[in-house]
Amino acid sequence: MEEKTSKKDIRALTLEQLRDFFVKSGDKAFRGNQVYEWLWQKSAHTFEVMTNISKETRDLLNANFVINHIKVDLMQRSSDGTIKNAVRLHDDLVVESVLIPTKTRTTACVSSQVGCSLDCKFCATARLKRMRNLNPDEIYDQVVAIDNESRLYFDRPLSNIVFMGMGEPLMNYKNVLKAIEKITSPEGLGMSPKRITVSTSGVPRMIKKMADEGVKFNLAVSLHSAIDEIRTSIMPFNAQMNLADLREALQYWYGKTKNRITYEYVVWKGINDAQKDADALVQFCRFAPSKVNLIEYNPIDDGEFQQANDKAIEMYVTTLERRGITVTVRRSRGKDIDAACGQLANKS
Ligand code: SAH
């Protein structure tokens with residue numbers, strides 16, 4: 001383990017602050033740009049690798065700052081090609097991120113918090129209490145690690161990012177936004193925001209805030225039921241942030257962004273597998289162009305929740321399609337290494 005230190009995390013500094021630091025130390029502001037490029041574009045883990053910077057300057061940086069880079073502690077590969085990284089943070093907490101390959105794409109599924117403060121009954125992460133929010137650089141590092149793995153194992157760069165790992169991204173909004181700014185900026189990875197999806201269990205206040213700020217990434221909402229009573233029983237926070245509030249916020253989002261909304265939805269036996277459930281879903285998402293992803297349930301427990309049968313899934317598909325709502329049925333990836341949706345719980 002590394003020695004605990006009171007030195008400042010250098011990546012918490014903006015470019016301007018870094019330039020200022022050098023000016024105050026009697027150097028040129030331009031030195032800040034060089035170091036910034038090492039930190040973000042080249043993902044330097046130490047000051048020693050910054051070879052176009054003098055030894056004296058590197059010593060100065062070492063005396064004042066640390067680079068709190070993540071470490072991929074364990075990388076597991078699934079039989080379907082999915083890779084799961086156990087990521088150790090500077091304070092020894094661990095989060096997980098996942099690389100999901102398809103024929104044409106590599107998607108990174110990244111975490112935004114250590115644990116989660118929400119209490120979805122069907123999700124393994126909800127059983128870990130929320131320890132802390134991730135910093136922007138810790139989110140960024142997860143993406144870089146997966147980009148490197150994609151180049152190494154699949155011969156291509158990362159193409160998409162989903163915030164569907166551990167945590168609720170809208171409960172760590174500021175840092176998630178900063179990370180996305182870095183991922184999309186030319187000084188970072190230069191990725192298009194259209195290739196990034198933030199998934200939320202539905203925090204109305206934050207959805208409106210995002211709409212006001214004109215963000216360019218995609219929004220996915222984990223709905224799972226369009227009937228309050230049922231949604232509250234499986235996602236208890238719905239008692240405080242109910243479907244009417246969520247819908248109003250989404251309507252506001254659509255009005256401002258004109259971006260199609262994606263709903264994530266698991267159909268469980270005896271919980272939401274009846275015709276009335278599918279009808280309620282149609283009613284809920286009719287106000288804007290939307291797409292429903294029916295995701296397979298990944299069991300995490302003793303059988304309290306069970307995936308509905310194929311007939312129920314077909315019923316959902318027919319009901320949605322008849323009303324012109326796009327629907328896809330998504331198979332799980334990486335189940336054998338506990339890397340699928342809702343399975344991230346630092347088990348190994
Ligand atoms: N907190 C955010 C992002 C993390 S969850 C959110 O709720 O959207 C990513 C997705 O996995 C969500 O749609 C979530 O509802 C779903 N999920 C959680 N547990 C699951 C499980 N056991 N099986 C399948 N999907 C699950």
Side-chain angles (χ1 to χ4, degrees), residues 82 84 95-98 100 107-130 133-134 139 142 160-173 175-176 179-180 196-204 206-207 210 217-226 230-238 241 246 249-250 261-269 271-272 281 290-308 313 328-347:
T82 303
K84 180 168 85 171
V95 293
E96 293 175 333
S97 23
V98 183
I100 308 152
T107 301
C109 174
V110 298
S111 294
S112 56
Q113 299 181 310
V114 187
C116 190
S117 57
L118 297 179
D119 45 8
C120 304
K121 299 279 191 223
F122 46 82
C123 180
T125 308
R127 298 186 178 174
L128 309 170
K129 89 176 191 308
R130 190 196 75 93
N133 287 336
L134 293 189
I139 298 171
Q142 292 177 67
N160 297 73
I161 302 172
V162 294
F163 281 80
M164 294 187 190
M166 294 173 155
E168 168 51 48
L170 298 196
M171 299 281 204
N172 184 19
Y173 178 70
N175 291 351
V176 165
I180 293 178
I196 301 175
T197 299
V198 170
S199 175
T200 176
S201 8
V203 186
M206 301 312 295
I207 292 172
M210 281 196 310
F217 47 78
N218 304 302
L219 179 66
V221 178
S222 302
L223 194 63
H224 304 308
S225 175
I230 297 174
R231 193 166 195 262
T232 302
S233 74
I234 54 178
M235 303 166 85
F237 65 85
N238 185 70
M241 303 182 262
L246 178 58
L250 291 172
I261 300 160
T262 300
Y263 296 100
E264 288 152 278
Y265 202 102
V266 178
V267 188
W268 289 284
K269 201 171 179 173
I271 294 179
N272 57 355
L281 175 58
S290 38
K291 178 180 162 196
V292 173
N293 279 336
L294 294 177
I295 52 186
E296 194 183 327
Y297 176 56
N298 303 306
I300 56 153
D301 53 22
D302 39 20
E304 190 191 341
F305 290 90
Q306 280 168 40
Q307 165 78 31
I313 304 292
T328 58
V329 179
R330 271 211 319 234
R331 275 192 25 249
S332 289
R333 304 288 308 271
K335 256 194 199 178
D336 55 340
I337 53 166
D338 281 329
C341 288
Q343 289 188 316
L344 301 184
N346 296 341
K347 267 207 265 183

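Since this is a predicted model, take the numbers as computed values, not measurements. Counting convention: from 1, in listed order, for ligands and their atoms alike.
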Mark the output for Phe163 as yes if a heavy-atom distance to ligand 1 is under 4.0 Å, and as no if none is. yes
With the threshold set at under 4.0 angstrom, would you say Gly165 reaches ligand 1 through any of its heavy atoms? yes
Separation between NZ (Lys121) and CD1 (Ile234), nearest 0.5 Å, reads 11.0 Å
Would you please classify the geometry between the Trp268 ring and the Phe122 ring as parallel, tilted or perpendicular, with 30° and 60° separating the classes?
tilted
Counting only nitrogen or oxygen atoms and a 3.5 angstrom limit, does Tyr297 reach ligand 1? no
Q) Side-chain contact, heavy-atom cut-off 4.5 Å: Asn238 with Leu246? A) no
heavy-atom search around atom 24 (C) of ligand 1 in the protein gives Glu296 O, 3.4 Å
Atom 5 (S) of ligand 1: closest protein heavy atom, distance to 0.1 Å, is Met164 O, 4.1 Å
Check: of Ser199, Ala126, Gly202, Ala124, min heavy-atom distance to atom 2 (C) of ligand 1 comes from Ser199
Separation between CE (Met206) and CG (Asn172), nearest 0.5 Å, reads 9.5 Å
Here the atoms of ligand 1 under 4.0 Å from any heavy atom belonging to Ser222 are 6 (C), 7 (O), 8 (O), 12 (C), 13 (O), 14 (C), 15 (O)
The reported gap from CE in Met164 to SG in Cys109 (rounded to nearest 0.5 angstrom) is 7.0 Å
Ligand 1 to Gly167, heavy atom cutoff 4.0 Å, flagged ligand atoms 1 (N), 2 (C), 3 (C), 4 (C)
Of all protein heavy atoms, the one nearest atom 23 (N) of ligand 1 is Asn298 N, 3.0 Å
His224 heavy atoms within 4.0 Å reach ligand 1 at atoms 14 (C), 15 (O)
Query raised in the report: Are a donor atom and an acceptor atom from the side chains of Glu168 and Thr200 found within less than 3.5 Å of each other?
Result: yes
Rounded to the nearest 0.5 angstrom, the OG-CD1 distance for Ser233 and Ile271 is 6.5 Å
Among non-hydrogen protein atoms, atom 19 (N) of ligand 1 lies closest to Gly342 CA, 3.1 Å
Ligand 1 to Cys123, heavy atom cutoff 4.0 Å, flagged ligand atoms 18 (C), 19 (N)
task = Would you check the N or O atoms of Phe122, main chain and side chain alike, for any that come under 3.5 Å of an N or O of ligand 1?
result = yes
Ile337 backbone acceptor or donor facing Lys84 side chain under 3.5 Å: yes
So CZ of Arg333 and CG of Asn298: to nearest 0.5 Å the spacing works out to 12.5 Å
So the atoms of ligand 1 within less than 4.0 Å of a heavy atom of Glu264 turn out to be 10 (C), 12 (C), 13 (O)
Short version for Thr200: what comes under 4.0 Å of ligand 1, heavy atoms counted, is backbone
min-distance protein heavy atom vs atom 11 (O) of ligand 1 -> Cys341 CB, 3.4 Å
Distance col, row Tyr265:OH vs Asn272:CG, nearest 0.5 angstrom, shows 4.5 Å
